[in-house]
A.B. asks: 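Before I ask anything, here is the structure I am working with.
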Amino acid sequence: MERHAFAMKVKDGQMNAYRTRLGEIWKDLTAFLDRNQIKNFSIWNAGGYIFGYDEIDTTTEIDETPQDREATVAWETRQLGIMDWITNDVDWMTGEWHPASRRLAWHN
């Protein structure tokens, strides 16, 4: 699977404005995602940052091998290295749940 990750800082005190604006453009944004075949898009929020990723090419998905799992764990571990929080996406690795992070939006 090909993933594209992103991170951005939201100006202090502007998270609600960001969420409002996201709601205003959601129809156009999801149309763009669909046109470009971007799947499993999901904008996580913690500590004043927005983190997320999308899965671009799901046609390459096959049954997971031990090597595939190692590669996934390595990718998720690298993501942990750039974040000061852990998203619920990696709970299967750590067994932890972090209420400070929350999913702002999701489109499949």
Side-chain angles (χ1 to χ4, degrees):
M1 173 171 321
E2 181 182 343
R3 289 179 173 164
H4 295 165
F6 64 91
M8 69 178 183
K9 172 87 170 113
V10 177
K11 290 181 182 178
D12 290 342
Q14 295 298 308
M15 186 58 68
N16 285 339
Y18 177 86
R19 294 180 74 193
T20 298
R21 182 68 179 134
L22 183 62
E24 291 169 357
I25 66 165
W26 189 247
K27 184 177 176 181
D28 292 334
L29 176 59
T30 56
F32 170 84
L33 297 174
D34 290 341
R35 272 193 318 274
N36 290 282
Q37 298 180 353
I38 297 172
K39 304 292 182 196
N40 195 19
F41 178 85
S42 64
I43 307 166
W44 289 87
N45 163 243
Y49 287 86
I50 303 294
F51 295 96
Y53 69 87
D54 60 358
E55 296 170 355
I56 299 297
D57 185 2
T58 57
T59 63
T60 61
E61 290 183 12
I62 56 173
D63 289 339
E64 186 176 57
T65 66
Q67 294 82 8
D68 294 334
R69 185 167 179 83
E70 280 183 35
T72 298
V73 169
W75 187 88
E76 295 285 4
T77 301
R78 284 190 303 276
Q79 300 314 302
L80 292 176
I82 63 169
M83 296 183 243
D84 63 354
W85 56 278
I86 302 173
T87 72
N88 293 335
D89 282 353
V90 296
D91 286 350
W92 63 271
M93 256 174 48
T94 65
E96 297 178 32
W97 180 73
H98 302 272
S101 67
R102 56 185 183 171
R103 185 171 62 186
L104 296 178
W106 170 70
H107 179 67
N108 196 7

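By convention here, the first residue in the shown sequence is residue 1.
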A.B. asks: Once rounded to the nearest 0.5 Å, what's the spacing between atom OG1 of T72 and atom CG of D68?
C.D. replies: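 Atom-to-atom, T72:OG1 and D68:CG are 6.5 Å apart.
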
A.B. asks: Between the main-chain N or O of A31 and the side-chain N or O of D34, is there a donor-acceptor pair closer than 3.5 Å?
C.D. replies: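 Not at all, since once roles are kept as given, no pair shorter than 3.5 Å links the two residues.
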
A.B. asks: From M15 CE over to Y49 OH, what is the distance, rounded to the nearest 0.5 angstrom?
C.D. replies: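 Here the rounded value is 11.0 Å.
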
A.B. asks: Less than 4.5 Å apart, side chain to side chain, heavy atoms only: is that true for F32 and D28?
C.D. replies: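 Side-chain contact under 4.5 Å: no.
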
A.B. asks: Would one find more than 12 heavy atoms of other residues, nucleotides or ligands at under 6.0 Å from atom NZ of K9?
C.D. replies: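 Above 12, so yes.
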
A.B. asks: Nearest 0.5 angstrom please: T30 OG1 to R35 CZ, how far?
C.D. replies: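 If I round to the nearest 0.5 Å, the distance is 9.5 Å.
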
A.B. asks: Measuring from E24:CD to L29:CG, what's the distance to the nearest 0.5 Å?
C.D. replies: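 Reported value, rounded in 0.5 Å steps: 13.0 Å.
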
